[in-house]
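Each remark here refers to the structure printed beneath this line.
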Amino acid sequence: MDQSLGPQGLQSRVEEYAEQARDIARSRGYWATVLHRLLRDPVSMACALVLLTLILLAVLAPWLTPYNPSQGSMLNRLAGIGTPGHWLGTDGQGRDMLTRLMYGGRYSLVMGIMPVLIAFFIGTAMGVTAGFVGGWANSLIMRTTDVFFAFPAVLLAIAISGALGAGFVNAMVSLTLVFIPPIARVAEGVTTAVRHLDFVEAARASGAGALTIIRVHILGNVLGPVFIYATSLVSVCMILAAGLSFLGLGVRPPAAEWGLMLNTLRQSLYVQPWVSVLPGAMIFLTSLCFNLLSDGLRSAMDIKR
Amino acid sequence: MLSFVFRRLLYVIPIALAVAAVCFSLVHLAPGDPLTAVIPPDAPQEVVAAITRAYGMDRPLVVQFGSWLGRAVQGDLGVSVATGRPVLIDIQRALGNTLLLASAAAVLGFGIGILLGVVAAVHIGGPIDRVATAIAITGVSIPHYWLGLLLVVVFSVYLDWLPSMGAASGGSANWGWNWDSLRYLVLPAVTMSFIPMGIVTRTVRAAVAEILHSEFVMALRAKGMGSARIALHVGKNAAPTIMAVMGLQFGYLLGGSILVETVFSWPGTGYLLNTAIFQRDIPLLQGVILVLAMFFVGLNLLVDLLQSFADPRIRRG
Amino acid sequence: MLPPALEVLDLKKHFVTRKTLLGKPDRVVRAVDGVSFHVARGQTLGVVGESGCGKSTTARLLMHLIEPDAGRIRLHGREYGNVGGLKPVSELRQRMQMVFQDSYASLNPRLTIEDSIAFGPRIQGQSRSESRQLARDLLDQVGLNPDSFIRRYPHELSGGQRQRVNIARALAMKPEIMVLDEAVSALDKSVQAQVLNLLSDLKRDFELTYLFISHDLNVVQYISDHVVVMYLGQVVEFGPVAQIYEQPAHPYTRALLDAVPAQTPNSRKAHTVLEGDPPNPIDPPAGCRFHPRCPFAEPICAEREPVPVRVRPEQESACHMVAPQSGHSRHLTMIPLTSTLPEEAVA
């Protein structure tokens with residue numbers, strides 16, 4: 001038997017593996033470390049699981065339910081929770097609530113995420129440009145965002161939607177416009193801070209051009225914080241998007257969307273109160289999970305502890 | 001100091017102008033002719049031209065903006081297309097109701113928020129902190145229009161304690177400082193207080209916790225200063241940040257009341273805005289948004305000035 | 001005689017910190033106001049002065065990281081600048097490299113040590129494998145084991161290790177001149193000594209010329225051949241290190257040296273206390289900028305700005321007391337150079 005596997009030898013092996021593991025951890029890179037930390041946070045993982053389930057339910061809805069989301073039976077109007085065949089009841093037109101909630105996730109999730117995502121790209125581009133170029137470009141971009149900051153977000157979204165008229169695309173446009181200024185402002189702030197760090201000076205001293213410096217040295221340090229900030233906006237966007245539909249400014253009937261469903265079911269509030277508030281519960285659940293996940297991401301990315 | 005105030009005041013002018021321009025341009029964002037609500041679809045060409053001229057829509061945009069702005073500054077926000085009443089009269093009445101609702105929600109939300117935030121900061125990391133943080137995150141994650149409906153289900157449908165609609169029995173004109181009227185205020189005010197409550201809790205918790213762990217508070221403790229006097233120091237240092245957040249939140253309450261007002265049929269500016277949107281009453285829409293946005297601009301200015309008085313560091317920037 | 005490796009003539013930079021409402025400059029900081037010096041090839045020039053005297057701005061101006069308002073920068077007699085007819089700044093930046101004070105802020109936290117060092121050579125057009133090999137070689141040169149450091153991130157290194165990486169990163173550009181801006185100031189004393197020794201070795205091995213900026217007079221004395229003393233954006237004294245430290249001519253240099261704690265109790269001297277902070281460079285005093293704090297100030301000092309005068313071979317000083325017929329009642333020879341200051345000037 002190998003002599004080195006005695007207690008002494010084993011100890012040295014253990015140390016060797018530990019050192020190796022440490023090296024692997026070191027070489028793993030920043031984002032891998034963040035992911036690793038996020039995976040170990042139970043609250044974040046629970047939220048991610050819930051959101052993943054909601055997304056899967058929305059995508060796979062046609063295969064999971066036998067009902068048509070926009071066709072109901074007048075004989076089955078406003079069935080209560082627990083009705084056989086309609087476990088979450090039916091709405092005022094006898095449509096299956098579970099089916100409509102699953103389908104509703106398609107619009108609601110897209111309207112909650114997409115505007116923030118688009119605003120993330122546009123806002124970051126604007127903010128990085130303003131922060132890196134400085135001078136008149138900064139003034140032009142930041143003073144423009146100031147004008148949008150002079151409106152409360154809800155009012156701005158409703159004003160633009162109200163002027164453009166109801167509709168899925170119009171709602172997306174107005175929500176995107178609402179989220180560009182705050183993202184641009186955060187991106188500008190972070191970029192300005194990073195731009196004055198010595199490693200950017202050192203890169204300039206190496207003869208690197210502006211685009212190379214932005215790509216290698218600025219974006220890597222700016223995208224992270226701006227992304228965390230953007231994720232914290234998804235929850236707001238969910239609530240606002242559903243709110244627009246609730247007011248009749250989002251998707252149009254008979255499409256299933258949680259905010260719109262909540263609006264139509266208001267008439268049934270006195271008949272089937274608990275069925276009527278179900279769509280709102282979905283908005284709440286989604287927005288809560290996005291909020292908690294964003295908080296988890298924030299602490300996972302704070303790698304310096 | 002004076003120079004800061006002057007600069008800040010001067011800066012409001014271009015912002016206010018730009019805000020007015022955005023409000024004005026809303027008409028032109030709208031698809032189709034803004035006069036569709038006034039002109040019958042089968043009107044002959046001459047009538048269309050006459051109405052267009054009467055509303056001044058045939059002149060260049062800049063001229064239209066100038067005259068619109070000139071009238072708006074004098075308090076003439078135009079005439080509602082739907083009712084024929086001057087827009088300002090409707091807005092004034094609605095603004096009073098919204099201010100009442102927003103103030104009630106602010107008192108409630110800020111009060112509970114400060115309380116929860118301070119308690120959480122003092123017991124940071126402990127179970128009390130976790131409960132307070134959970135309440136705060138619920139406050140900012142909950143769709144408030146849904147919360148309103150939930151409250152209606154519980155307090156109006158099941159318990160039948162509180163009314164679910166309107167501002168007073170027999171219409172908002174009958175509103176008075178009595179229990180019968182105040183009952184109408186309870187549900188919408190509670191509903192609206194949730195978001196500011198959540199945000200103020202988070203802000204106060206972060207600000208107070210940071211100051212409590214700062215070296216200067218440790219020095220005060222080391223000197224043997226009592227808790228009450230330390231609390232005074234902490235409060236003084238946390239106040240500017242918290243004040244700024246509260247000011248902003250009050251602005252959001254005023255400008256973001258549309259959803260809650262729609263749920264409770266509260267006759268405020270939000271409800272008016274909703275009406276304007278669905279009747280495509282463009283002068284009313286412009287007027288409401290302009291007044292609310294100007295309120296918000298003014299509030300921001302006020303917060304900045306108050307903050308600069310409270311915290312000398314801000315003036316330097 | 002060969003031209004100096006680096007020669008700086010009348011360098012100037014004024015920052016506008018506030019404008020009037022009409023956009024006219026209202027407050028101007030004269031950060032660097034007519035600085036001149038030169039370093040011979042293979043030598044080290046120390047630059048000393050209190051914080052805020054314009055040392056770091058001078059370094060950044062040399063690299064054209066900040067565009068100078070005026071002045072000439074010559075390397076081996078060839079002038080560089082962003083004006084037509086001059087040699088390009090891009091070449092200047094390659095021949096001259098810089099190490100910054102904050103070792104953490106000067107490394108991109110998202111890049112590995114290897115990527116940070118290899119960045120410059122990659123920009124200069126070297127292949128990936130070439131620049132990687134260069135990074136490994138340089139890490140070895142600065143005393144860090146390439147195998148264990150190459151894949152690490154800056155936050156996993158100590159301050160001294162990070163500063164070694166920064167030196168390697170500067171060397172990767174194959175410079176002739178290194179500008180060391182408070183490069184060891186943030187390090188512990190023991191680590192400081194190691195890095196200083198490393199710098200001496202590297203200077204010999206790579207035939208470098210150093211511009212060593214520091215507020216630490218002991219460190220400057222240890223490493224420098226010549227010294228420049230700066231006060232409020234101007235050079236007040238310039239000369240060989242031994243002369244400056246043993247026979248300072250300018251009262252400011254004396255005061256600075258007096259403020260250095262003595263190594264042995266017996267050599268403790270009477271202190272000239274430099275009263276107050278340096279006046280604000282926003283409104284520098286008229287005449288000699290040091291006169292409000294100078295124990296020998298006379299009316300002439302507030303009226304006329306002194307020009308640098310040769311006091312000994314290679315040593316120049318900008319003080320009315322060293323200039324003959326300047327109108328100052330004292331003259332350099334009246335003050336015994338071996339002691340520090342006359343009794344009445346001792347606080």
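The sequence lines fix the lettering, A, B, ..., with proteins before strands; numbering per chain opens at 1.
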* Asked: Got a sec: does the CZ of Phe15(C) have more than 12 other heavy atoms crowding it under 6.0 Å?
  -> yes

* **Beyond-backbone contact of Ser116(C) with Phe199(A), side-chain heavy atoms, under 4.5 angstrom** => no

* In terms of heavy-atom contacts, does CZ of Arg41(C) have more than 12 from other residues, nucleotides or ligands at under 6.0 Å? -> no

* Structure fact -> Applying a strict 4.5 Å limit to non-hydrogen atoms, the region of Leu111(C) in contact with chain A is side chain

* Of the backbone (N, CA, C, O) and the side chain (C-beta and beyond), which part of Met173(C) lies under 4.5 Å from a heavy atom of chain A, both, or neither? -> side chain

* To the nearest 0.5 Å, tell me how far Ile218(A) CD1 sits from Asn108(C) CG. => 9.0 Å

* Tell me, yes or no, whether the heavy-atom count around Arg78(C) atom CZ, taken from other residues, nucleotides or ligands under 6.0 Å, exceeds 12. => no

* To do: With a 4.5 angstrom heavy-atom cut-off, could you sort out which part of Val216(A) is near chain C: side chain, backbone, both or neither?
  => both

* Count the heavy atoms of every other residue, nucleotide or ligand shown that sit under 6.0 Å from CZ of Phe121(A), and state whether that count exceeds 12. => no

* **CG-OH distance between Leu197(A) and Tyr104(C), expressed to the nearest 0.5 angstrom** => 10.5 Å

* Asked: Based on non-hydrogen pairs under 4.5 Å, which of Gln97(C), Gln94(C), His64(C) is most in contact with chain A?
  -> Gln97(C)

* Taking C-beta and beyond as the side chain, do Arg204(A) and Met63(C) meet within less than 4.5 Å on heavy atoms? -> no

* Which heavy atom in Ala205(A) sits nearest to a heavy atom in Leu65(C), and how many Å separate them? -> N-CD2, 4.0 Å

* To do: Please answer whether the main-chain N or O of Ser206(A) pairs with a side-chain N or O of Gln124(C) as donor and acceptor at a distance below 3.5 Å.
  => yes

* Please state whether the side chain, the backbone, both or neither of Arg169(C) comes within less than 4.5 Å of a heavy atom of chain A. => side chain

* Structure fact -> In short, Asn221(A) meets Pro109(C) closest at the heavy-atom pair OD1-CG, 3.3 Å

* Could you give the distance from CD (Gln101(C)) to CG (Asp198(A)), rounded to the nearest 0.5 Å? -> 8.5 Å

